[in-house]
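Every value quoted in this text rests on a predicted model; they were computed, and no experiment measured them. Letters A, B, ... are given to chains in the order of the sequence lines, protein chains preceding strands, and every chain is numbered from 1.
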Amino acid sequence: MTALATELAATMRTPLLETRGLSKHYALQRSTRAWLRREPGEVLRAVDDVSLAVLPGRTLGVVGETGSGKSTLGRLVLRLERPSAGQVLLDGQDVASGGGAMSHRLRRDVQVVLQDPYTSLNPHETVGGALAEVLKVTGSVPAAGRPARVAELLDQVGFPSGWAGRKPGQLSGGGRQRVSIARALAVGPRLLVADEPVSALDVSVQAQVLNLFQRLQSELGLAYLFITHDLAVLERIADDVAVLYLGKVVEQGPAEALFASPAHPYTQALLAAAPKLGRRRSTTSAVAGELPNPITPPSGCTFHPRCPAAMAVCREVVPLTTTTATGQRVACHLYPGSTPGTEPPVRPPSTPASGAAAVSHPAPSPGGTR
Amino acid sequence: MAAGALEGSVALVTGGANGLGRAIVAALADSGAKVGVLDLAPCPLDRPDVLSVVGDVAADGAVDGALAALEERWGPASILVNDAADYPTAGLLEMEPAAWRHVFDVNVTGLFLACRAFVQRYVDAGLTSGRIVSISTGSARSPRPRGAAYASSKAAVETISATLAMELGPLGITSNVVAPGYIDVRGASEANPDRASDELRASLTASIPTGRAGLPADIANAVRFLCLPESDHVNAAVLAVDGGSGAGRFRMPGELTTSGPSAPPTTGSSALPHSAGDPVGAGA
């Protein structure tokens with residue numbers, strides 16, 4: 001097969017991980033008076049009807065500001081939180097209805113790398129000890145084989161094997177993040193959920209760690225759910241991108257198309273403000289205005305108070321998701337099909353006065369014997 | 001055809017328990033393929049390289065279940081033969097709407113479901129070469145009275161096959177059709193015994209330039225060819241296996257059925273104006 005065909009086949013595979021209508025709503029505590037009056041409580045919709053797919057061996061980037069729900073999404077995928085609605089599917093199977101065997105598979109197949117390598121590693125334990133402990137606890141490698149596996153893991157993340165005796169305090173931020181990655185790899189996962197894995201690192205170190213993620217993907221066939229606030233990082237590493245705003249996906253699609261022609265005004269604003277790797281990050285806010293209070297989100301399209309292209313309809317009507325000419329799925333009234341009830345009406349079958357003359361049929365050929 | 005030419009291949013044949021399907025299963029297995037059979041009836045071929053799965057091709061998940069069982073035993077399937085079909089003979093007012101719908105549920109939607117499950121597993125397994133062969137009928141282009149449901153459903157099969165040939169060609173999967181003419185399936189099918197009268201059989205045979213009825217093995221050999229690595233560049237083809245009966249009017253109405261092809265037209269007892277269709281059809 002050609003490279004194009006290989007790419008086509010890769011996008012047709014059953015998603016390794018899929019979310020369907022995934023939501024997490026937190027009911028906020030009501031005052032006693034409100035409770036006595038049976039007033040409805042306030043609800044925080046941290047993640048609202050999110051449908052995404054991570055394909056085997058590929059990277060889905062999820063980008064959003066603080067408060068967009070991107071970390072909650074990661075926690076839902078890892079089953080650290082129960083969804084209020086919707087499903088998480090592993091290899092097309094609902095993880096909630098899979099029982100203990102499915103939970104076991106989920107823990108083996110999906111591992112996490114967190115943002116802060118300073119707090120996610122035990123400062124008193126050596127790197128080798130931390131890795132050996134994972135192998136012991138998960139029972140994946142018998143005691144005799146553990147030192148070799150630890151050496152292999154350290155090698156995979158680019159450490160000399162002699163560093164097994166080092167403690168986190170003797171490592172740089174990038175070095176600690178490599179340990180976090182090695183620890184996630186220990187059980188042989190197929191998907192890493194990486195929540196802001198390079199945000200705490202210097203820009204030059206970021207590039208090294210992103211290189212490591214890319215190398216591990218090609219060597220081990222790993223898939224990544226890469227959660228970040230930084231579109232520049234995703235431009236570097238993602239195959240597909242989903243943009244979250246106040247818990248909803250406002251745009252998603254192939255990374256190439258999304259970066260070349262961002263459809264949603266929010267994506268456009270994020271992209272305009274995103275620094276290129278190797279450049280100093282802009283200190284100004286990416287998008288004009290602040291993220292609204294998610295408990296009382298704006299009416300209609302929740303982005304309308306900050307949107308430079310806002311129209312009257314945006315204040316009133318929640319946009320539907322539609323597909324752009326370049327292949328992104330976008331929820332924005334600027335695109336035809338996004339505003340409910342305004343699609344071009346289905347034309348009734350034409351009934352001209354002359355009846356059947358509207359369509360010309362070839363005359364039946366005479367003389368056929370069949 | 002070399003025995004072992006399909007060594008290492010895994011195939012699924014829908015409707016492979018009886019008739020043409022059973023012959024296809026035997027031909028593929030004789031060439032070295034491991035063959036799964038999805039049929040309403042268990043496949044009577046008792047051999048270690050054939051796995052029989054009982055199920056309805058039109059039911060959700062049935063084909064995928066069969067493919068899963070096959071994959072567990074022998075690995076992912078790279079060959080799918082769509083042979084399962086329903087073929088009632090009924091005129092417009094005789095045909096119950098439910099019976100009509102069932103024809104399309106099995107022959108068209110069942111084929112769609114089978115192709116869908118097959119291709120998803122093919123892609124997931126990372127295979128780079130595959131085959132879809134669908135059984136159609138000469139009557140798709142040359143229908144006979146009381147055969148509207150079957151013939152039109154098989155016309156749909158040919159259109160779907162051509163579409164898939166384009167969609168799946170880039171993935172290394174070819175999609176072709178074998179269109180049988182009149183096939184004598186006496187003794188080959190318990191589910192649908194050949195009930196053609198001797199008179200009908202004789203008149204059908206008289207419309208075939210090669211002078212004989214087709215046999216299930218004729219169809220199976222054509223299907224096997226389309227599954228071989230050598231047929232790699234044959235895609236979106238409709239291969240008629242009918243002894244030439246679909247080529248044109250080998251006999252004009254009114255010709256004696258007993259006269260040879262070189263005999264001058266004579267008047268006398270006439271054959272029915274028959275078509276190249278296969279009143280006994282294929283599959284289960």
Side-chain angles (χ1 to χ4, degrees), chain A residues 1-18 20 51 53-60 87 89-95 97-99 101-102 105-106 108-110 188-191 217-223 239-240 254 327 361-362 364-370, chain B residues 60-61 64-65 67-68 71 76 78 115-130 138-145 147-148 151 164-174 207 232 235 245-255 265 270-277:
Chain A
M1 291 199 296
T2 62
L4 198 68
T6 310
E7 172 74 8
L8 174 66
T11 59
M12 287 174 67
R13 294 176 69 181
T14 300
L16 200 168
L17 188 105
E18 196 179 352
R20 287 190 194 158
S51 297
V54 189
L55 296 166
R58 292 168 71 92
T59 302
L60 171 66
Q87 294 172 298
L89 299 102
L90 188 65
D91 294 325
Q93 284 179 280
D94 188 350
V95 298
S97 56
M102 178 56 89
R105 252 179 69 192
L106 188 71
R108 187 197 58 207
D109 287 352
V110 185
R190 296 189 294 142
L191 169 68
Q217 182 162 57
S218 63
E219 284 176 9
L220 305 174
L222 288 172
D239 298 299
D240 301 285
H361 295 285
S365 56
T369 56
R370 289 213 168 158
Chain B
D60 282 343
D64 195 58
L67 287 167
E71 190 166 330
S78 63
C115 292
R116 200 168 187 277
F118 169 76
V119 171
Q120 186 66 72
R121 284 183 176 273
Y122 172 95
V123 169
D124 285 347
L127 301 184
T128 54
S129 176
S139 69
R141 262 154 284 103
S142 178
R144 63 180 186 278
L164 296 185
M166 292 184 284
E167 284 186 33
L168 307 179
L171 297 173
I173 300 174
T174 65
S207 72
D232 201 36
N235 196 18
S245 62
R249 293 183 197 89
F250 181 57
R251 300 235 177 247
M252 293 301 286
E255 275 183 63
S270 72
L272 291 168
H274 41 250
S275 76

**Q.** Partner residues of B/A148 under the side-chain contact (heavy atoms from CB on, under 4.5 Å) criterion, sequence neighbours left out
**A.** B/W100
Q.
Which residues pass the side-chain contact (heavy atoms from CB on, under 4.5 Å) test with A/R105, not counting sequence neighbours?
A.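 With neighbours one apart ignored, the set is A/L90, A/D91, A/Q93, A/M102, A/R108, A/D109.
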Least distance between heavy atoms, [X] atom then [Y] atom:
| X | Y | value |
| --- | --- | --- |
| A/M12 | B/Q120 | O-NE2, 2.9 Å |
| B/P170 | A/A5 | O-CB, 2.9 Å |
| B/V123 | A/R13 | CG1-CG, 3.2 Å |

